[in-house]
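Below, all heavy atoms of this structure are taken into account, side chains as well, without hydrogens, waters or symmetry copies. Worth saying up front: this structure is predicted, and the values here are computed from it rather than measured. Residue numbering restarts at 1 for every chain, and letters A, B, ... go by the order of the sequence lines.
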Amino acid sequence: MNQVELQSTRFRAALIAWYRLDGRILPWRTTADPYRILVSEMMLQQTQVVTVLRYYDRWFQLFPTLESLAHADESDVLHAWQGLGYYSRARHLHQCARWVVEHCGGKLPCDIKSLLELPGIGRYTAGAVASFAFNLPAPILDANVIRVLARLVNLETPIDREPGKSTLWELAEHLVRGPEPGTFNSALMELGALVCTPRAPACERCPVKTYCRASHPQNIPRKSVRAEVVRRQENYRWIRRGDQILLRKCAGPRWKGMWTLPLADEIQNDEVPVFEMRHSVTRFVIHLKVFSGRAPAVLAPDNSYHRVKDIPDLPMPTPHRRSVDVLLGGR
DNA sequence: AATTCGGGGCT
DNA sequence: AGCCCAGAATT
Ligand code: SF4
């Protein structure tokens, strides 16, 4: 065994030993069911653990198996995802379930290449399913692992473009080729979540500090400069006809398949909003304003009326759900 | 390679 | 107020 391999072997052992003692018990860590692993990985994309915990268990009450998800209506799937954001994840997960039930006998594939062909599954999620559900030595690279590995090798180039990205993938690929690849990947992520944190890493209690080359870990990872924030205003109408409200079904890509208030095309200077709020979509800060309106003579093709009692069951993005709740509650 | 896609936790 | 988060798809 050469020097590098010897170091790697000890590194893996130290990290896994720490994880067994200090790792958190999370719902998706106490199962090897590929469906449950997949749902957790889809929900956790760009979403913090505490947020996912509010959705995870309820998901399986609604869709206990991959097959039940495959047979569900997209509207119900989006409704269960309501509030989590990045709704294409829900639509892709639904499409994924239908594909696997239709073409794979209801069993998720375990090899990376097949997993990558499924909708919504990229390099990270494929590796996560392969390693967590099937215990295969597939690398993962998420925000936690990026931070840990970049600091370990003191990577000072940007981690969100080449050649930094490939450097990290190769390192992850090398390290996972040891015993218990699934546990190792979990441990790597957990170190990033609990010890090797973004602002102030707790190096003094780090189980792999003797392997770490970062001189100023708080300055790593480095990222490309992000786009400037752009402010936008969006105007909507509150149109009531008896016990019904006019809504619009989004055709996407933003909020595709979900219901919002109908867009207002022209606002007169003297109109005063009946509701307003700010919310953000990545680099956009959106000032949402709702104006009272009259029922249009001709209904736009994507608009339709819905009874007040049915609105809770429609999938709606958070800002519009809040608008409707306030406007209905404040009668 | 750059941009888009949500929403909330945390400092 | 700004940064960050178990990323993927599209352009
Ligand atoms: S020593 Fe510090 S910077 Fe290095 S891996 Fe551990 S926590 Fe992160």
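Taking both residues in full, the closest heavy atoms of A:H79 and A:L314 are given as CD2-O, 3.5 Å, listed atom of the first, atom of the second, then distance. The shortest non-hydrogen separation linking A:T197 to A:R151 is O-NH1, 2.9 Å.
Base engagement by A:W28 is indicated by at least one non-hydrogen atom pair under 4.0 Å involving a base atom. Using a 4.0 Å heavy-atom criterion, one finds that A:R91 contacts no nucleic acid atom at all. Within the nucleic acid shown, A:G83 comes within 4.0 Å of sugar-phosphate atoms alone, with no base atom in reach, counting heavy atoms only. Among the protein residues, A:R321 comes within range of no part of the nucleic acid, since none of its heavy atoms lies under 4.0 Å from any strand. Note on A:T125: only backbone sugar-phosphate atoms sit closer than 4.0 angstrom, heavy atoms only; bases stay farther off. A:A128 comes within 4.0 angstrom of nothing in the nucleic acid, heavy atoms only. Counting non-hydrogen atoms under 4.0 angstrom, A:T318 reaches the backbone sugars and phosphates but no base. Residue A:L84 is in base contact, counting any heavy-atom pair closer than 4.0 Å across all strands shown.
Closest-nucleotide positions on DNA chain B for A:A227 and A:M316 were compared, and the one nearer the 5' end corresponds to A:A227. Between A:P119 and A:R29, the residue anchored nearer the 5' end of DNA chain C, judged by the nucleotide with its closest heavy atom, is A:R29. Ranked by how close their nearest DNA chain B nucleotide is to the 5' end, A:R199 and A:W255 are led by A:W255.
Side-chain rings of A:W238 and A:F275 stay apart, their centers remaining 6.0 Å or farther from each other.
Whole-Å rounding puts the A:F284 CZ to B:dC5 P distance at 7 Å. The separation between A:Q48 atom CD and B:dC10 atom P is 7 Å, rounded to whole Å. A:M42 has its CE atom 16 Å from the C1' atom of C:dC5, to the nearest Å. Distance A:W81 CH2 to B:dG7 P: 13 Å, rounded to the nearest Å. Straight-line distance from the CZ atom of A:R24 to the P atom of C:dA6: 8 Å, rounded to whole Å. Atom CG in A:D142 sits about 15 Å away from atom P in C:dC4, given to the nearest Å. A:L141 places its CG atom 15 Å from the C1' atom of C:dC5, with the value rounded to the nearest Å. Computed from coordinates, the A:I140 CD1 to C:dA6 C1' distance equals 7 Å when rounded to whole Å.
Which of C:dA6, B:dG7, C:dG7 sits closest to the side chain of A:Q46 comes down to C:dG7. You'll find that the side chain of A:Y86 is closest to B:dC5, out of C:dA6, B:dG9, B:dC5. Closest to the side chain of A:E162, out of C:dG7, B:dA1, B:dG7, is B:dA1. Comparing C:dA6, C:dC4, B:dG6 against the side chain of A:P198 picks out C:dC4 as the nearest. Closest to the side chain of A:V50, out of B:dG9, B:dC5, C:dG7, is B:dG9. Distance from the side chain of A:H92 is smallest for C:dA9 among the nucleotides B:dG6, B:dG9, C:dA9.
Annotation: C:dA8 and B:dG9 have their C1' atoms spaced 22 Å apart (nearest Å). The separation of C:dA6 from B:dT11, taken at their P atoms, amounts to 14 Å, rounded to a whole angstrom. Rounded to the nearest Å, the gap between the P atom of C:dT11 and that of B:dG6 is 15 Å.
One finds no side-chain N or O of A:R254 lying less than 4.0 angstrom from the OP1 or OP2 phosphate oxygen of B:dG7. Look at A:R283 and you'll find a side-chain N or O under 4.0 angstrom from OP1 or OP2 of B:dT4. Note on A:Y87: a side-chain N or O is less than 4.0 Å away from OP1 or OP2 of B:dG7. Contact annotation: A:K223 side-chain N/O to C:dG2 OP1/OP2 distance is not under 4.0 Å. Close to C:dG7, at under 4.0 Å from its OP1 or OP2, lies no side-chain N or O of A:Q45. Between A:R147 and C:dC4, a side-chain N or O to OP1/OP2 separation shorter than 4.0 Å is absent.
Between A:E74 and A:R98 there is no salt bridge, since no side-chain N of the basic residue sits under 4.0 Å from a carboxylate O of the acidic one. A salt bridge links A:D243 with A:R307: the distance from a Lys NZ or Arg NE/NH1/NH2 to an Asp or Glu carboxylate oxygen falls below 4.0 Å.
By the neighbour-count criterion of 12 heavy atoms within 6.0 Å, atom CZ of A:R24 is densely surrounded, having more than that number from other residues, nucleotides or ligands.
One can find a donor-acceptor pair under 3.5 Å joining the base of B:dG6 and the side-chain atoms of A:T47.
By the ring pair (Phe, Tyr, Trp, His ring centres under 6.0 Å) test, A:H103 is found to be paired with A:W99, residues two or more places apart in sequence or in another chain being considered.
Annotation: salt bridge (charged side-chain N to carboxylate O under 4.0 Å, His left out) contacts involving residues 27-44 of chain A, sequence neighbours excluded, comprise A:R29-A:E190.
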